[in-house]
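One structure is given below, encoded as structure tokens.
Bear in mind that the values here come from a model prediction, so they are computed numbers and not experimental data. Letters A, B, ... are given to chains in the order of the sequence lines, protein chains preceding strands, and every chain is numbered from 1.
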Number of protein chains: 2
Amino acid sequence: MDPTVQLELSVDRGSPVPLYFQLAQQLESAIEHGTLTPGTLLGNEIELAARLGLSRPTVRQAIQSLVDKGLLVRRRGVGTQVVHSKVKRPLELSSLYDDLESAGQRPTTSVLVNTMVAASAEVAAALGVAEGGEVHRVERLRSAHGEPIAYLCNYLPAGLLDLDTGQLEATGLYRLMRAAGITLHSARQTIGARAATAVEAERLREQAGDPLLTMQRVTFDDTGRAVEYGTHTYRPSRYSFEFQLLVRN
Amino acid sequence: MDPTVQLELSVDRGSPVPLYFQLAQQLESAIEHGTLTPGTLLGNEIELAARLGLSRPTVRQAIQSLVDKGLLVRRRGVGTQVVHSKVKRPLELSSLYDDLESAGQRPTTSVLVNTMVAASAEVAAALGVAEGGEVHRVERLRSAHGEPIAYLCNYLPAGLLDLDTGQLEATGLYRLMRAAGITLHSARQTIGARAATAVEAERLREQAGDPLLTMQRVTFDDTGRAVEYGTHTYRPSRYSFEFQLLVRN
DNA sequence: CAGTGGTCTAGACCACACT
DNA sequence: GTGTGGTCTAGACCACTGG
């Protein structure tokens with residue numbers, strides 16, 4: 001029957017948090033905690049607005065934000081209901097460091113190289129800087145439980161950020177960039193595979209010719225500047241890319 | 001200086017296409033065609049609304065949809081401007097068939113297996129059906145220019161769809177599902193790598209032990225049912241996953 | 001300070017799904 | 001037909017940015 005459910009909802013008009021956001025948070029946590037079970041109908045927007053003392057557009061804005069997150073589905077003539085399947089990670093710009101940490105793996109990082117170099121043609125093209133101009137070059141080996149997981153080589157435009165080796169070993173590159181006031185906007189990624197060279201194999205304690213998972217990425221900030229270019233190699237036995245994505249209908 | 005630009009815009013109130021959508025389309029194509037160059041300020045929403053004879057919320061809805069697509073950036077107190085970097089594919093639920101076709105590769109598909117089988121524990125768990133219950137099993141080899149690119153093995157719940165071998169060879173699985181009225185909603189994907197077994201190597205004209213790119217995926221429709229489970233292997237020399245993604249800020 | 005986007009209201013009419 | 005979400009209007013006040 002998919003019954004519609006009465007839910008305790010309230011908003012605080014004195015709070016600086018937007019009303020639609022307060023409502024969205026309450027609905028989201030109700031879904032998270034199982035108070036709103038999958039398939040439940042949310043009840044019509046008009047009545048919900050009246051119950052909360054809000055206008056309909058405000059209620060719609062709250063609901064829409066959860067639809068965008070994939071937690072709710074709207075059907076005209078039917079109603080709004082909670083999605084059955086559990087959506088966990090709608091695919092963020094994944095940070096290996098954060099991935100490992102949230103998996104309880106306590107990652108460790110050793111910085112192998114942290115210098116300025118002249119940009120090669122490949123790096124210059126990716127970052128949109130002049131070929132031969134100076135860029136940061138950082139090479140890191142990331143491990144967990146004493147086993148190497150990935151070899152990360154990154155290039156950053158000069159003058160964007162202080163790259164302190166100690167900080168690089170204590171956290172991820174993305175956190176440093178955000179902390180420096182850089183607003184990440186989008187990234188272009190390529191994921192592939194290839195056989196390990198002898199040098200790569202030694203770094204990751206594999207054999208030459210063994211399969212490696214590879215990823216190249218260029219990250220842009222909200223002004224459109226390229227702020228990072230990275231070429232990474234992963235041990236496929238220790239890491240794979242896992243994510244949930246939503247279909248644009 | 002980032003000048004704001006006068007643009008020819010108009011809406012047709014007789015059209016069944018929503019006004020905000022008409023406006024969004026015109027702005028998007030202006031960005032696409034370079035009429036609106038990166039960094040251009042769009043001009044304030046009030047004036048834009050007045051010029052088009054629309055209300056401000058309608059104009060905002062149009063602009064917001066392009067912000068969500070990553071084409072525009074809004075800054076309070078500043079304005080709305082066109083993003084510098086080119087956002088091409090905001091990462092859809094990628095269909096290998098469509099990917100290859102849009103790359104001008106004219107993919108061909110040969111269906112190797114198309115039968116009903118009893119669900120293994122793995123398949124049953126992925127699709128949420130009873131272990132041992134009947135499910136479709138489809139195995140396909142996809143090629144371009146006479147070279148194999150990927151080996152695709154998919155499982156689908158019984159009774160969801162007619163799986164005609166001829167149609168499977170003429171188009172992609174996702175198109176068939178959409179055509180059958182299934183609304184795709186989300187998918188959970190895992191991308192990894194491993195060495196090819198002898199059997200896999202022969203299918204893809206590689207050598208045993210060569211690296212393969214692998215992908216497993218479970219796709220859900222908007223009611224939360226799992227509608228497809230696939231395990232795919234790709235020749236890394238012929239295919240890699242490439243996509244652009246947006247940061248949720 | 002002036003200008004921008006961010007939020008919010010209280011209505012209205014329409015298109016579609018179900019019975 | 002009835003009820004739902006989809007779209008739209010014409011205002012309003014606030015918060016933040018910049019000069």
Whichever of A:Gln61 and A:Arg76 has the more 5' nearest nucleotide on DNA chain C, that residue is A:Gln61

[X] [atom1] to [N] [atom2]: how many Å, rounded?
{"X": "B:Leu48", "N": "C:dG3", "atom1": "CG", "atom2": "P", "value": "18 Å"}
{"X": "A:Leu19", "N": "D:dC14", "atom1": "CG", "atom2": "C1'", "value": "12 Å"}
{"X": "A:Leu41", "N": "C:dA17", "atom1": "CG", "atom2": "C1'", "value": "13 Å"}
{"X": "B:Asp68", "N": "C:dG6", "atom1": "CG", "atom2": "P", "value": "12 Å"}
{"X": "A:Leu52", "N": "C:dA10", "atom1": "CG", "atom2": "C1'", "value": "16 Å"}
{"X": "A:Glu45", "N": "D:dG6", "atom1": "CD", "atom2": "P", "value": "7 Å"}
{"X": "A:Leu42", "N": "D:dG3", "atom1": "CG", "atom2": "P", "value": "19 Å"}

When rounded to the nearest 0.5 angstrom, what distance separates CG in B:Leu163 from CG in B:Leu176? 7.0 Å

Would you please confirm or rule out a distance under 4.0 Å between OP1 or OP2 of [N] and any side-chain N or O of [X]?
{"X": "B:Asn44", "N": "C:dG3", "answer": "no"}
{"X": "A:Thr80", "N": "D:dG5", "answer": "yes"}
{"X": "A:Arg13", "N": "C:dT9", "answer": "yes"}
{"X": "A:Arg74", "N": "D:dT4", "answer": "no"}
{"X": "B:Thr58", "N": "D:dT7", "answer": "no"}
{"X": "B:Tyr20", "N": "D:dC8", "answer": "no"}
{"X": "B:Arg60", "N": "C:dG6", "answer": "yes"}

Name the pairing partner of C:dT19, where a pair is Watson-Crick or G-U wobble with both distances under 3.5 Å, or state none. none

For [X] and [Y], which I'm curious about, is there any donor-acceptor pair between the side chains at under 3.5 Å?
{"X": "B:Thr80", "Y": "B:Arg74", "answer": "no"}
{"X": "B:Gln64", "Y": "B:Tyr20", "answer": "no"}
{"X": "B:Arg137", "Y": "B:Thr115", "answer": "no"}
{"X": "B:Ser120", "Y": "B:Tyr155", "answer": "no"}

Picking from D:dT9, C:dC8, D:dG5, which would you name as closest to the side chain of B:Ser55? D:dT9

Would you kindly compare B:Arg56 and B:Val59 by the position of their nearest DNA chain D nucleotide and give the one closer to the 5′ end? B:Val59

